[in-house]
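Worksheet: one structure, shown below.
If you're wondering where the values come from, they're calculated on a predicted model, not measured in any experiment. Residue numbering restarts at 1 for every chain, and letters A, B, ... go by the order of the sequence lines.
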Number of protein chains: 2
Amino acid sequence: MEKMNNKNKIFIDKLRSSGLRPTKQRVEISKFLFNRKKTFHFTVEELKNSMNLKRSKKISTATFYNTVHALKSAGHLKEFSLENNTSYYDTNITSHHHFFDNGKVIDIKSDKITFHKLPDAPKGKKIKNVEVVIRLENNNQ
Amino acid sequence: MEKMNNKNKIFIDKLRSSGLRPTKQRVEISKFLFNRKKTFHFTVEELKNSMNLKRSKKISTATFYNTVHALKSAGHLKEFSLENNTSYYDTNITSHHHFFDNGKVIDIKSDKITFHKLPDAPKGKKIKNVEVVIRLENNNQ
DNA sequence: AACTACTTTATAATAGTTCTAAACTAAGTG
DNA sequence: CACTTAGTTTAGAACTATTATAAAGTAGTT
């Protein structure tokens, strides 16, 4: 990348350290995803639409999918699913939990939920992680 | 239904009590789903393939989708999602939890997991349910 | 038996995602 | 700095799960 200003260096390093070539597109997508204070939940289509809206030269759909998959494989994004057959991604890769409120997702910090009892893993298996979904509904009156 | 033998009566009643006309197709699908000892996890495509394999007169794809949706709306099936953009259904409609082991799903009885600490619902919301997913991996010593 | 509302069906349509192969580009080499 | 090459981007086709359409069929009532 010819233009490597300081603003981008952190994202370039992040990509490079994951074995991903820091192309123009990947750097811009990384900046969009990770240059924010709060956790970001998104689908690939949402990401594409919001980024391309502001751009004259659009990034292709395939690149959004490729990049999100690469970032996920590198451990920079977490995938999760709702009941609508669409993949959601979460920039918060630490182990944590979620409220699901009619398609809206809210993070719950890991330490907000603790267990009194948990089952053992079946023979030959071990527990990779434990994630809780708390489904919400409106509190009518 | 002209042929209403005792074997089918229970499924016919189940459909009728949910406001669903007990058509030939619905009764057969219900029997296939609910006439078993253990909980059954499936996708609509899996259900279609395994039922139609044995049949000379196939049930159409649309009917499988319609019936599964109707049974879900009536509260006889529960839907859940894995990370592959496909809807899974569970004949165990009681509140319970799951092991996910590389696409394989195993039920965990509700009382096998208890909480020590749980967050409050956000203002104006209340908790509808709490479900835990325990992801497994192989125990390579 | 006749009527009607609900159901099934084949098929088309849609949404999200992955594949393909050609054009492009980052990064190393001399 | 050209040159090379392996990795990347791209448009578009293909694919998979699912939903919509509208015509034909059927359950349940009269």
Round to a whole Å and report the spacing from [atom1] of [X] to [atom2] of [N].
X: A:Tyr88; N: C:dG16; atom1: OH; atom2: P; result: 9 Å
X: B:Ile12; N: D:dT26; atom1: CD1; atom2: C1'; result: 15 Å
X: B:Leu15; N: C:dT7; atom1: CG; atom2: P; result: 10 Å
X: A:Glu83; N: D:dT19; atom1: CD; atom2: C1'; result: 18 Å
X: B:Asn84; N: C:dT18; atom1: CG; atom2: C1'; result: 14 Å
X: B:Arg55; N: C:dT8; atom1: CZ; atom2: P; result: 12 Å
X: A:Leu47; N: C:dG16; atom1: CG; atom2: C1'; result: 14 Å
X: A:Ile59; N: C:dC24; atom1: CD1; atom2: P; result: 18 Å

> Can you tell if the side chain of B:Phe32 reaches within under 4.5 Å of the side chain of B:Ser50, non-hydrogen atoms only?
Replying inline: yes
Could you check if a side-chain atom of B:Phe64 sits within less than 4.5 angstrom of a side-chain atom of B:Met51, using non-hydrogen atoms only? yes
Just to be sure I understand the rule, does [X] reach a base, reach only the sugar-phosphate, or reach nothing, if contact means heavy atoms closer than 4.0 Å?
X: A:Lys48; result: nothing
X: A:Thr43; result: nothing
X: A:Lys58; result: sugar-phosphate

Has [X] got a side-chain N or O lying under 4.0 Å from the OP1 or OP2 atom of [N]?
X: B:Arg16; N: D:dA27; result: no
X: B:Ser87; N: D:dT18; result: yes
X: A:Lys24; N: D:dT8; result: no
X: B:Arg26; N: C:dT8; result: yes

Of the candidate nucleotides [options], which contains the atom at the shortest distance from the side chain of [X]?
X: A:Glu45; options: D:dT9, C:dG16, C:dA27; answer: C:dG16
X: B:Gln25; options: D:dT9, D:dA27, C:dT8; answer: C:dT8
X: B:Ser60; options: D:dT8, C:dT9, C:dG16; answer: C:dT9

Of B:Gly19 and B:Asn85, the one whose nearest nucleotide on DNA chain C sits closer to the 5' end is B:Gly19
Scanning both residues in full, the closest heavy-atom pair of B:Ile108 with B:His96 reads O-CB, 3.3 Å
Between A:Leu82 and B:Ser81 the two heavy atoms that sit nearest each other are O-OG, 2.6 Å
- Task: Answer yes or no: is there a donor N or O on one side and an acceptor on the other, between the side chain of A:Thr91 and the main chain of A:Phe34, under 3.5 Å?
- Result: no
Heavy-atom donor-acceptor pair, A:Asn92 side chain to A:Thr94 backbone, under 3.5 Å: yes
Result for 5'-nearest mapping on DNA chain D, choosing between B:Arg21 and B:Tyr89, is B:Tyr89
The residue among A:His97, A:Lys38, A:His41 that forms side-chain hydrogen bond (donor to acceptor under 3.5 Å, both in side chains) with A:Asp107 is A:His41
Contact check, residues 61-75 of chain A vs DNA chain C, heavy-atom distance under 4.0 Å, returns A:Ala62, A:Tyr65, A:His69
Do A:Lys48 and A:Glu45 sit within salt-bridge range, that is, some charged N less than 4.0 Å from a carboxylate O? yes
